[in-house]
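Worksheet for the structure shown next.
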Amino acid sequence: MTVEPELAADPSRSGLISRSHLGIEPFALARPASLAEAAANVVNGAWAHAGGIDVAQRLRDGGQAPALVPLRQAGRGSGSDLDVLTDISLRDGALFIGAAVTHARIESDALVRAHRPDLAAAWRTIGNVRIRTAGTVGGNLMSLNPGYDAAPILAAAGAELVFVDPDGGEQRCSVADRVAGRLLVGCQVPLEGRVVFDRSLKPVASVAVGNRHAAIGCAYRDVEVIELDIGADGTVDLDALRAGLDPLGEPLDNADASSGYRRRVIEVLIERCAQAHARGGSASAGSGGGEPSATDLPRRPNAVPAGPRDQAAALPDDSHAAGDAGSVELQLHLNGEPFEAAAPASEMLVETIRSRAGLGGTRVGCDQAVCGACTVLVDGLPTASCSTFAWQAAGCDIHTIEAANESPSVEPAGSLPAVMRAVQQTFATASAFQCGYCTPGLILTASSLLAHDQEPDRSTIVDWLDSNICRCTGYLMVIEAVEAAGAALRSRSDAHPEPAP
């Protein structure tokens, strides 16, 4: 990919500069060769970087990290003990989930769904589709984020967290007893039990109820766990429940909710989840219905595909050891063409795309991975480019909205750009846009969905698009445009079936 010389020399002349990096203090990238070395980096002040969305926000908020230790790109099948970070396996009679495993992978992993389908169901409610494809089980656990949804789920399930020391030794503790400044290897979840999770009233409170415990998120400075005795009919003794809550002290009193209101919400959510748990109910809002058995477990139709990003490319060859905060040579694959640039380690992918590659279709909105305006596809999955460092995408296939303009003769009919063109056409036909600021993110997210499922039902479409914020069009025409694009793609597939292998 070529860039105009004057733009390459002075990106600010393009008028396409984002502000994602402003205020972030320089940091280095560490590339440890072992778990013990990674643990030593973290103990010495480096930040563990797993999914990175939370890390990016902490840095924007003024946090200072001398170095980041990128866990998802540390091992990658190298044969070192770092590979455990992306492992899902059965160990010691429990389900082990590595700290750098993404939410999307937990949601769809066959081993998780066979042994703990309740976890797979609960995980599908975590965050939005961009957070699920990038966020990891260990990222926010290590930063002690009280709003992280996996913390109450794992706590209620009785999970044990496994940390590693700089000398290579292991330390284990419960979710509620974890402390900052240590490297999390993963968690071990008992094979027996069931968890029901309700985050419908977040950020006031979220609650997970397991066989013997209830765990509470968002309402205190960290996840809190109490013992819970659930009757056979799902009833909870409110006096006993309140007695269990009393030692926790008063919940947070802030702009989201008063302490008294939070306390009442916690009681209601625990009762709701307990009733669903007694019925054998599924996760999220305690809506009832039994979980499928391990032998009758179809793929969840609206599950986010794990994709190749769980085996992400290694850090660039010139990535720096802790203490050296120079620039990084980026080698990206952007809209089907190689793209190279040198950039600070703190540069977000949206900046590289807009100011260095000169592709203005990727917008800058909230800068917090919430609004969806900055969405691009990384290895086919929706990604918040405002909260993804450019070096995270090294070796990955990146598609922006401009890929939809590729000539049909260049790309095969079933390619991602071809799907994008179909979605773009139905958006135009259905008038599914107005000011257009959010439209690239909507088209890209819908294209990712249709690339792996050409016949999604409406609830699946809503699930994928519910965090792509539109302020002027309304969503009905957008949903109808996605449905029409799916129908058009199916029609083309019927007319031109794939050749037999």
Side-chain angles (χ1 to χ4, degrees), residues 104 108 124 128-130 132-133 298-305 307 335-336 359 361-363 365 371-384 397-498:
S108 58
R124 198 189 68 77
N128 59 51
V129 64
R130 296 178 300 279
R132 299 207 296 275
T133 60
R299 177 178 175 83
R300 191 175 301 278
N302 54 345
V304 180
N335 292 337
L359 301 176
T362 303
R363 316 299 193 189
C371 74
C374 71
T375 301
V376 298
L377 301 185
V378 177
D379 285 341
L381 299 179
T383 299
D397 285 322
I398 306 166
H399 286 89
T400 69
I401 191 62
E402 286 83 1
N405 295 326
E406 295 290 338
S407 170
S409 63
V410 175
E411 297 285 351
S415 68
L416 190 53
V419 174
M420 291 168 58
R421 282 194 296 275
V423 176
Q424 183 172 259
Q425 179 60 51
T426 57
F427 265 62
T429 303
S431 298
F433 61 92
Q434 191 165 325
C435 80
Y437 200 84
C438 67
T439 305
L442 284 164
I443 289 176
L444 287 163
T445 304
S447 298
S448 178
L449 169 59
L450 294 177
H452 91 276
D453 181 3
Q454 289 187 358
E455 197 170 3
D457 58 26
R458 183 162 288 199
S459 66
T460 299
I461 296 171
V462 170
D463 177 58
W464 275 64
L465 299 181
D466 69 351
S467 64
N468 284 77
I469 297 173
C470 173
R471 292 302 189 198
C472 54
T473 304
Y475 296 96
L476 181 58
M477 291 180 288
V478 170
I479 294 168
E480 291 173 343
V482 177
E483 292 174 330
L489 291 167
R490 293 194 302 275
S491 176
R492 295 176 193 175
S493 298
D494 292 340
H496 304 283
E498 293 289 332

Do the side chains of N335 and L359 get nearer than 4.5 Å, heavy atoms only? yes
First locate atom CD1 of I479, then atom OG of S459, and finally report the distance between them rounded to the nearest 0.5 Å. 10.5 Å
Expected output: side-chain Y475 to main-chain C470 donor-acceptor under 3.5 Å: yes
Indicate yes or no for a side-chain donor-acceptor contact from D379 to the backbone of D397 under 3.5 Å, with no hydrogens or angles considered. yes
Tightest non-hydrogen contact, residues P440 and I401, listed as CB-CB, 3.9 Å
Q425 side, atom CD; I443 side, atom CD1 - distance, nearest 0.5 Å: 10.5 Å
So do R130 and N468 actually touch side chain to side chain, heavy atoms under 4.5 Å? yes
Looking at R490 and Q454, would you say the former's side chain and the latter's main chain have a donor-acceptor pair under 3.5 Å? yes
Atom pair CZ (R471) and SG (C435), whose distance is rounded to the nearest 0.5 Å: 11.5 Å
Closest heavy-atom contact between G365 and Y437? N-OH, 4.5 Å
How long is the span from the CE atom in M477 to the OG1 atom in T426, to the nearest 0.5 Å? 13.0 Å
Would a distance-only check, ignoring hydrogens and angles, find a side-chain to backbone donor-acceptor pair under 3.5 Å from S491 to A487? no
Would you mind reporting whether N405 and Q424 have side-chain heavy atoms less than 4.5 Å apart? yes
Shortest non-hydrogen separation from C374 to T362 and the atoms involved: O-CG2, 3.5 Å
Measuring only between side-chain heavy atoms, which start at C-beta, is F427 closer than 4.5 Å to V478? yes
So how far is it from L377 CG to I398 CD1, rounded to the nearest 0.5 Å? 10.5 Å
Option passing side-chain contact (heavy atoms from CB on, under 4.5 Å) with L465 (candidates L442, N128, V129): L442
Taking side chain as C-beta onward, heavy atoms only, is S448 less than 4.5 Å from W464? yes
Measuring only between side-chain heavy atoms, which start at C-beta, is L444 closer than 4.5 Å to P382? no
Test side-chain contact (heavy atoms from CB on, under 4.5 Å) applied to V378 and L381, T375, V376, the passing residue: V376
Expected output: side-chain E402 to main-chain G361 donor-acceptor under 3.5 Å: yes
Separation between CE of M420 and CG of L450, rounded to the nearest 0.5 Å: 12.0 Å
State, to 0.1 Å, how close A451 and V419 come at their nearest heavy-atom pair, and which atoms those are. N-CG1, 4.3 Å
Distance only, no hydrogens: is a donor on one side chain within 3.5 Å (strictly under) of an acceptor on the other, for D463 and T460? no
